[in-house]
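Below is one structure; the comments refer to it alone.
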Amino acid sequence: MIHHLSLGVSDIESAGRFYDGCLTPLGYARVWEDLEQGSEDQAIGYGLPGGGDKLCLKLRPGKDCAPGSGFHLAFHAGTPAAVDRFYAAALALGGKDNGAPGIRAHYGPTYYAAFVIDLDGHRIEAVCKD
């Protein structure tokens, strides 16, 4: 149903480093970028290597970037270890803990997830249900 999702970011370079680091353990990569210096239309796209973007970061300097606390974006992880690596990378790159890796039995007996708030306040998660 969803082709891609865009997130506004206040600093495209910092956001790019953050998402490069925490999406790599999940098997996702930067698949395109438009980083023309001085342009307010700078953006970075992420998806499966060799594919199109499913997540786009768009520079929005001087604006509120994150939606309210009701917004949440979950990334698929192939293994619980990938969730752990996502979480560790996100925290090392300046993300804030919003729920350490572990089983969330109230979502299901195999729902293993970690929750982070990114540099602009977006609430993100990595989840493995296998």
Side-chain angles (χ1 to χ4, degrees):
M1 174 170 56
I2 296 173
H3 182 272
H4 71 273
L5 176 72
S6 296
L7 299 179
V9 298
S10 59
D11 180 332
I12 195 77
E13 297 291 338
S14 294
R17 283 189 299 276
F18 178 85
Y19 280 93
D20 287 348
C22 68
L23 292 180
T24 296
L26 303 179
Y28 306 116
R30 188 183 291 208
V31 294
W32 65 266
E33 63 183 40
D34 181 358
L35 298 174
E36 181 181 337
Q37 292 298 316
S39 171
E40 289 194 12
D41 290 327
Q42 294 180 57
I44 300 171
Y46 291 92
L48 292 173
D53 67 314
K54 296 297 180 188
L55 174 67
C56 180
L57 305 180
K58 293 191 172 235
L59 179 62
R60 296 294 179 252
K63 299 181 178 134
D64 289 332
C65 293
S69 62
F71 177 82
H72 166 131
L73 175 59
F75 298 103
H76 174 266
T79 65
V83 172
D84 295 345
R85 290 189 305 271
F86 160 88
Y87 179 79
L91 294 186
L93 292 162
K96 294 180 186 152
D97 169 59
N98 200 28
I103 291 287
R104 303 302 196 275
H106 55 287
Y107 295 138
T110 62
Y111 196 106
Y112 189 89
F115 302 84
V116 176
I117 300 173
D118 80 359
L119 306 178
D120 286 292
H122 299 103
R123 295 169 184 272
I124 59 175
E125 168 189 3
V127 60
C128 176
K129 296 186 349 179
D130 299 332

Can you measure from CG (D118) to OG (S14) and round to the nearest 0.5 angstrom? 11.0 Å
Hey, are D130 and Y112 close enough side-chain-wise for a donor-acceptor pair under 3.5 Å? no
If I take atom CG from residue L7 and atom CZ from residue R60, how far apart are they, to the nearest 0.5 angstrom? 11.0 Å
NZ of K58: more than 12 outside heavy atoms within 6.0 angstrom? no
Please report the shortest heavy-atom distance between E125 and A113, naming the atom on each side. OE2-CB, 3.3 Å
Check for me, please, whether F18 and V83 land in the same ILVMFWY cluster - side-chain distances under 4.5 Å, paths through other members count. no
Under 4.5 Å between side-chain heavy atoms, counting indirect links through other Ile/Leu/Val/Met/Phe/Trp/Tyr residues: same cluster for L26 and F115 or not? no
Find the distance between CD1 (I12) and CD (E40) and round it off to the nearest 0.5 Å. 12.0 Å
Are side-chain heavy atoms of L5 and L73 found at a separation under 4.5 Å? yes
Using 0.5 Å steps for rounding, measure from the CG atom of D20 to the CD1 atom of I44. 6.5 Å
Between G27 and L48 the two heavy atoms that sit nearest each other are O-CD2, 4.0 Å
Between CG of D41 and CG of L35, what distance do you get to the nearest 0.5 Å? 12.0 Å
For L57 and Y46, run side chain to side chain contact (heavy atoms under 4.5 Å, CB included): C-alpha distance rounded to whole Å, both residues' side-chain angles, the deciding distance at 0.1 Å, then the answer. CA-CA 8 Å; L57 305 180; Y46 291 92; 3.7 Å; yes
Could you pull out the closest heavy-atom pair between T110 and K129, with the gap in Å? OG1-O, 2.8 Å
If Ile, Leu, Val, Met, Phe, Trp and Tyr residues are connected whenever their side-chain heavy atoms lie under 4.5 Å apart, and connections chain through other members, are I124 and L91 in the same group? yes
Heavy-atom nearest pair, E13 first then Q37, reads OE2-NE2, 4.0 Å
So do V127 and Y107 actually touch side chain to side chain, heavy atoms under 4.5 Å? no
Has D120 got a side-chain atom pairing as donor or acceptor with S10's backbone, closer than 3.5 angstrom? yes
Check whether any side-chain heavy atom of L55 lies under 4.5 Å from a side-chain heavy atom of L23, and answer yes or no. yes
Which atoms form the tightest heavy-atom contact between F86 and A126, and what is the distance? CD2-CB, 3.3 Å
Taking all atoms of both residues into account, what is the closest heavy-atom pair of P49 and A29, and its distance? CG-CB, 4.1 Å
Under the 3.5 angstrom rule, does the side chain of R104 hit a backbone N or O of G102 as a donor-acceptor pair? yes
Group every Ile, Leu, Val, Met, Phe, Trp and Tyr by side-chain heavy-atom contacts under 4.5 Å, then state whether F71 and L119 land in the same group. yes
Using the rule that two of Ile, Leu, Val, Met, Phe, Trp, Tyr join whenever any of their side-chain heavy atoms come within less than 4.5 Å, decide whether F75 and V31 are in one cluster. no
Is any side-chain heavy atom of Y28 closer than 4.5 Å to a side-chain heavy atom of H76? yes
Give every donor-acceptor pair under 3.5 Å between a side-chain atom in residues 94-101 and any protein atom, sequence neighbours left out.
from : atom 1 : to   : atom 2 : distance (Å)
D97  : OD1    : Y87  : OH     : 2.6
D97  : OD1    : G99  : N      : 3.0
D97  : OD1    : A100 : N      : 3.4

